[in-house]
Amino acid sequence: MTFVVTENCIKCKYTDCVDVCPVDCFHEGPNFLVIDPDECIDCTLCEPECPANAIYSEDEVPAGMEQFIQLNAELSKTWPSITEVKDALPDADEWKGKPDKLQHLQK
Ligand code: SF4
Ligand code: F3S
C-alpha cells in the first residue's frame, strides 16, 4: 500500500504534505509532487495536510484518477526528493479544484 498524489496538486504544489512525511518520500517536478510507493509507510499523516485534497490512499483513489497510481510510481524514480516546505506555485489558489488539470502536468 501507498498514498498517491492526484490531479488537484497540478499547478498548486502547496508542499504542506512534505512537512509531515516521516520518511521523506515526496519527489518534486515542475508543477506537481509525487510519492514513491516503495518508500511510503502508509502513516496517513500527509492526507489531511493537503489544502487541495489531492492525496489519497491507493485503495481510495477516486474514479477516473487511477492513472495517478502509475504516474506516482514512475515519476518518483526520476524526480528529485523534496524534504522542505516551499512557497506554493503563484496561482495555486486559482487552480485549486479546477477540473482536467492533467493536461498541464509538466514532466
Ligand atoms: Fe509520507 Fe506517510 Fe504520506 Fe506515505 S502516508 S507519503 S509515509 S506522510
Ligand atoms: Fe500537492 Fe497538496 Fe502536497 S497540492 S504539494 S499534494 S500539499
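Order of appearance sets the numbers: ligands from 1, and atoms from 1 within every ligand. As a basis for the values below, the full set of heavy atoms in this structure was taken, side chains included, without hydrogen atoms, waters or symmetry mates.
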- Message: Looking at ligand 2, is there an atom of it that comes within less than 4.0 Å of some heavy atom belonging to K13?
- Response: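 Distance cut 4.0 Å: K13 passes for ligand 2.
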- Query: Thinking salt bridges, do K11 and E94 make one under a 4.0 Å N-O criterion?
  - Reply: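 No.
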- Item | Side-chain (K101) to main-chain (I10) donor-acceptor, under 3.5 angstrom | yes
- Proximal ligand 1 atoms for V23, defined as those under 4.0 Å from one of its heavy atoms: 7 (S)
- Item | pair I35-S76: side-chain heavy atoms closer than 4.5 Å | no
- Item | Region of I55 that comes within reach of ligand 2 [heavy atoms, distance under 4.0 Å] | side chain
- Interfacing atoms of ligand 1 (cut-off 4.0 Å, heavy-atom, I35): 6 (S)
- Query: Counting heavy atoms only, which of I41, L45, T44 is nearest atom 7 (S) of ligand 1?
  - Reply: I41
- Query: Does the side chain of L102 reach to within under 4.5 Å of the side chain of Q67, using non-hydrogen atoms?
  - Reply: yes
- Give the atoms of ligand 2, by number and element, whose distance to some non-hydrogen atom of C50 is under 4.0 Å.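 Every atom of ligand 2 under 4.0 Å from some heavy atom of C50: 2 (Fe), 4 (S), 6 (S), 7 (S).
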- Validation row: V4, L71 side chains within 4.5 angstrom (heavy atoms):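 A side-chain contact is absent here, since even the closest heavy-atom pair is not under 4.5 Å.
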- Task: Can you sort out which atoms of ligand 2 are near T15, meaning under 4.0 Å from one of its heavy atoms?
- Result: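 This gives 3 (Fe), 5 (S), 7 (S) as the contact atoms.
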- For ligand 2, is any non-hydrogen atom under 4.0 Å from P51's backbone (N, CA, C, O), its side chain (CB onward), both, or neither? side chain
- Measuring from N72:CG to W79:CH2, what's the distance to the nearest 0.5 Å? 8.5 Å
- Message: When you compare the side chains of D93 and Y14, does any donor N or O come within less than 3.5 Å of an acceptor on the partner?
- Response: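 The answer is yes; a qualifying pair exists.
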- Considering only non-hydrogen protein atoms, determine which one is nearest to atom 4 (Fe) of ligand 1 and report residue, atom name and distance to 0.1 Å.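 Protein heavy atom at minimum distance: C40 SG, 2.3 Å.
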- Candidate with minimal heavy-atom separation from atom 6 (S) of ligand 1, of C43, P37, C25: C25
- Message: Tell me whether atom 1 (Fe) of ligand 1 has C21 as a neighbour, meaning an N, O or S atom of it below 2.8 Å.
- Response: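 Under 2.8 Å: C21 contacts atom 1 (Fe) of ligand 1 through an N, O or S atom.
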- Going by the order shown, which atoms of ligand 2 are within less than 4.0 Å of some heavy atom of C17? 3 (Fe), 5 (S), 6 (S), 7 (S)
- Query: With a 3.5 Å cut-off and no angle check, do the side chains of K96 and N8 form a donor-acceptor pair?
  - Reply: no
- Counting each atom of ligand 2 from 1 as listed, which ones have a heavy atom of C9 under 4.0 Å away?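 Checking each atom against C9, I get 1 (Fe), 4 (S), 5 (S), 6 (S).
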- Query: For atom 3 (Fe) of ligand 1, what is the nearest protein heavy atom, given as residue, atom name and distance?
  - Reply: C46 SG, 2.3 Å
- Message: Out of all atoms in ligand 2, which are within 4.0 Å of some heavy atom of D16? Include the element for each.
- Response: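 What qualifies from ligand 2 is 7 (S).
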- Task: Find out whether F3 and E58 are in side-chain contact, i.e. whether some heavy atom of one side chain is under 4.5 Å from a heavy atom of the other.
- Result: no
- Student check: side-chain heavy atoms of F68 and E7 closer than 4.5 Å: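 Yes, side chains in contact.
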